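Fair warning: this is a prediction, and the values are worked out from it, not measured in the lab. This chain uses plain numbering: 1 for the first residue, then up along the sequence.
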Amino acid sequence: MSELKQVVGAAVVDSLAAPTKLLAARRTAPEQYAGMWEFPGGKVEPGETCEEGLHRELDEELGIRVRLGAEVRGPGPQGWPLNAKAAMRVWLAEVTEGTPAPLEDHDELRWVALDPEKLDALAWIPADLPIVGAMLETVRSS
């Protein structure tokens with residue numbers, strides 16, 4: 001089996017110590033995902049660690065610096081399957097610098113209560129949906 005493209009994402013919460021809200025990002029592209037919600041992040045570049053890639057992506061997409069918390073463990077060594085060619089590792093993260101803004105790939109950011117009903121009310125990209133539930137479990141056990 002060939003190596004999947006490594007993608008990284010952040011479950012940005014209002015506080016790693018006592019999280020109550022998650023920052024969801026609404027995509028503008030590609031067309032089939034436009035208007036759907038996701039964890040911000042992106043592809044890891046050659047020579048980067050997953051963590052370095054995540055810091056770079058959050059700076060580019062949202063204009064923020066973060067402190068990473070626990071990883072939201074996926075079912076495979078590369079995290080959560082996104083499609084036949086890519087998988088995503090996701091970490092809890094807390095903003096340490098900057099105010100999140102939709103600079104790239106998104107048209108809206110929204111702080112959502114860490115409540116299954118409120119999170120389920122968003123139209124998540126299908127591949128991110130199982131990560132939402134796992135993120136809630138990670139938050140509860142952190």
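Rounding to the nearest 0.5 angstrom, the gap separating the CG atom in Leu54 from the CG atom in Asp59 is 11.0 Å. A distance of 4.5 Å separates CZ in Arg26 from CD in Glu108, rounded to the nearest 0.5 Å. Of the inter-residue distances, the one linking Ile131 atom CD1 with Met88 atom CE reads 3.5 Å to the nearest 0.5 angstrom. Rounding to the nearest 0.5 Å places CG of Leu68 at 9.0 Å from CG of Leu92. Distance NZ/Lys5 to CG/Asn83: 11.5 Å, rounded to 0.5 Å. How far CH2 of Trp37 is from CZ of Arg27: 13.0 Å, rounded to the nearest 0.5 Å.
Closest heavy-atom contact between Met36 and Pro126: CE-CD, 3.7 Å. Ala25 and Leu109 make their closest contact through CB-CD2, 3.6 Å (heavy atoms, listed as atom of the first residue, atom of the second, distance). Counting all heavy atoms, side chain and backbone alike, Leu22 lies closest to Met135 at CD2-CE, 3.8 Å. Residue Leu4 comes nearest to Ala87 through the heavy atom pair CD1-CB, 3.7 Å, listed as atom of the first residue, atom of the second, then distance. Residues Thr138 and Ala70 come closest through the heavy atom pair CG2-CB, 4.0 Å. Nearest approach of Pro130 to Ala127, heavy atoms of both residues: CD-O, 3.5 Å.
Side-chain contact between Leu23 and Val13 is absent, with no heavy-atom pair separated by less than 4.5 Å. Residues Val112 and Leu122 have side chains in contact (heavy-atom distance under 4.5 Å, counting atoms from C-beta outward). Between Leu136 and Pro116, the closest side-chain pair of non-hydrogen atoms falls below 4.5 Å. Side-chain contact check for Trp111 versus Val12: some heavy-atom pair is nearer than 4.5 Å. Two residues are said to be in side-chain contact when any heavy atoms from C-beta on lie closer than 4.5 Å; Glu94 and Arg67 meet this criterion.
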Check the pair Arg56, Glu60 against salt bridge (Lys or Arg N to Asp or Glu O under 4.0 Å), reporting the backbone distance first and the verdict last. CA-CA 6 Å; Arg56 178 186 48 74; Glu60 290 171 4; 3.3 Å; yes
Derivation of the side chain to side chain contact (heavy atoms under 4.5 Å, CB included) call for Val139 and Leu114: CA-CA 9 Å; Val139 162; Leu114 285 175; 4.0 Å; yes
Let's go through Trp80 and Arg89 carefully: what are the C-alpha distance in whole Å and the side-chain angles of both, what is the deciding distance for side chain to side chain contact (heavy atoms under 4.5 Å, CB included) to 0.1 Å, and is it a yes or a no? CA-CA 6 Å; Trp80 299 88; Arg89 291 178 67 190; over 6 Å; no
Given the rule in the side chain to side chain contact (heavy atoms under 4.5 Å, CB included) test, do Val44 and Glu52 qualify, once you have shown the distances and angles that lead to the verdict? CA-CA 8 Å; Val44 176; Glu52 289 166 346; over 6 Å; no
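For His55 (side chain) and Gly53 (main-chain N/O), no donor-acceptor pair under 3.5 Å exists by modelled atom type. Put simply, the side chain of Asp14 never gets that close to the backbone of Pro19: no donor and acceptor are under 3.5 Å apart. For Glu61 (side chain) and Leu58 (main-chain N/O), no donor-acceptor pair under 3.5 Å exists by modelled atom type. A donor-acceptor pair under 3.5 Å is formed between the side chain of Trp124 and the backbone N or O of Leu119.
No donor-acceptor contact under 3.5 angstrom links the side chains of Asp107 and Thr28, judged on distance only.
Both Val8 and Leu62 sit in one connected hydrophobic cluster of ILVMFWY residues. Membership requires side-chain heavy atoms under 4.5 Å apart, directly or through other members. Hydrophobic clustering places Ile64 together with Trp91 (ILVMFWY residues linked when any side-chain heavy atoms are closer than 4.5 Å, directly or through intermediates). Leu103 and Val66 fall into different hydrophobic clusters, where Ile, Leu, Val, Met, Phe, Trp and Tyr residues are linked whenever their side-chain heavy atoms come under 4.5 Å apart, directly or through other members.
Other residues, nucleotides and ligands place more than 12 heavy atoms under 6.0 Å from the CD atom of Gln32.
Among the candidates Gln78, Glu48, Lys43, the single residue satisfying the side chain to side chain donor-acceptor pair (under 3.5 Å) test with Gln6 is Gln78.
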